[in-house]
Amino acid sequence: MSIHTEVPGTSQQGFMTGYLEALALVERLHRLLLDVIKDEFERVGVLEINAVQALLLFNIGDNEVTAGELKSRGYYQGSNVSYNLKKLVEMGYMHHQRCEIDRRSVRVRLTEKGREIHSVVNELFLRHADGLEKKGVLGAEGIDEISTSLRRVERYWTDQIRYIY
């Protein structure tokens, strides 16, 4: 039996290093996802919308939502959601309509043109999922583990926002 002694603070430092690396990776992956979407849209010749707008259309899908619901449901994390919604309506990718009950609130849904963008992103993600699995990059168990871990971090951060102030 060996006795393991640890220098005070090194375990915490190691965790902190790993945590910071994970944060940087999440940020890089998000930017890379936007680049992948941008490249796909350039490949298929859709140049009038950007990757953030395309991802927003993908996440809305068949739903009819308000701007507030986009954020609360986690469909959109940007601070300029109103700007992007306005642009997507102007370009014909979304319908908008004032709510009957709360006239200040506007509900949005995809037009046929918006559903076409949704379809392009969906096909891209299907190809990626297939490629990740077939090439052995990530299987069902691995994706479940990643998702579970990220949900735990999300809950922790959400609790920090709610209870810190």
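All of these numbers come straight from a predicted model, not from anything done at the bench. The residues of the chain are indexed from 1 along the displayed sequence.
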Should [X] and [Y] count as side-chain neighbours, where that means a heavy-atom distance under 4.5 Å?
X      : Y      : answer
Ser82  : Lys86  : no
His96  : Arg107 : no
Ile49  : Ile117 : yes
Leu55  : Leu33  : yes
Arg109 : Met94  : no

Exercise. Check step by step if side-chain contact (heavy atoms from CB on, under 4.5 Å) holds for Val108 and Gln97.
Key: CA-CA 7 Å; Val108 295; Gln97 179 180 349; over 6 Å; no
Kindly check if the number of other-residue, nucleotide or ligand heavy atoms within 6.0 Å of [atom1] ([X]) is above 12?
X      : atom1 : answer
Glu64  : CD    : yes
Glu141 : CD    : no
Asp144 : CG    : yes

Regarding [X] and [Y], does a basic nitrogen lie under 4.0 Å from an acidic carboxylate oxygen?
X      : Y      : answer
Glu112 : Arg115 : yes
Glu48  : Lys113 : yes
Arg127 : Glu40  : yes

Which heavy atom of [X] sits nearest to which heavy atom of [Y], and what is that distance?
X      : Y     : result
Leu110 : His95 : O-CD2, 4.0 Å
Asn50  : Val52 : OD1-N, 3.1 Å
Asn63  : Asn59 : ND2-O, 4.3 Å

Looking at [atom1] of [X] and [atom2] of [Y], how far apart are the two atoms once the value is rounded to the nearest 0.5 Å?
X      : Y      : atom1 : atom2 : value
Lys87  : Tyr93  : NZ    : OH    : 12.5 Å
Leu56  : Ile60  : CG    : CD1   : 4.0 Å
Ser119 : Leu124 : OG    : CG    : 11.0 Å
Glu133 : Leu138 : CD    : CG    : 8.5 Å
Leu88  : Leu57  : CG    : CG    : 5.0 Å
Ser149 : Glu154 : OG    : CD    : 12.5 Å

Quiz item: So, the side chain of Glu69 versus the backbone of Thr66: is there a donor-acceptor pair under 3.5 Å, distance only?
Solution: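 A pair under 3.5 Å: yes.
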Quiz prompt | Backbone of Ser147 reached by a side-chain donor or acceptor of Arg151 within 3.5 Å | solution =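 The answer is yes, because a donor-acceptor pair under 3.5 Å joins these two groups.
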Exercise. Considering only Ile, Leu, Val, Met, Phe, Trp and Tyr, and joining two whenever side-chain heavy atoms are under 4.5 Å apart, list the other residues clustered with Tyr19.
Key: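 Tyr19 clusters with Phe15, Met16, Leu20, Leu23, Val153, Tyr156, Trp157.
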Quiz prompt | Shared hydrophobic cluster for Met91 and Val81 (ILVMFWY, side-chain gaps under 4.5 Å) | solution =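 Met91 clusters together with Val81.
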Quiz item: Are Ile37 and Val26 linked, directly or through other ILVMFWY residues, by side chains that come within less than 4.5 angstrom of each other?
Solution: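 Result: no, two separate clusters.
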Quiz prompt | Within residues 51-72 or reaching into it, pairs that qualify as ring-ring contact (aromatic ring centres under 6.0 Å, His included) - sequence neighbours excluded | solution =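 Of all non-adjacent pairs touching residues 51-72, those that pass ring-ring contact (aromatic ring centres under 6.0 Å, His included) are Phe58-His118, Phe58-Phe125.
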Quiz item: Can you list every pair that meets ring-ring contact (aromatic ring centres under 6.0 Å, His included) and has a residue in residues 34-55, with sequence neighbours left out?
Solution: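 Not a single pair qualifies under ring-ring contact (aromatic ring centres under 6.0 Å, His included).
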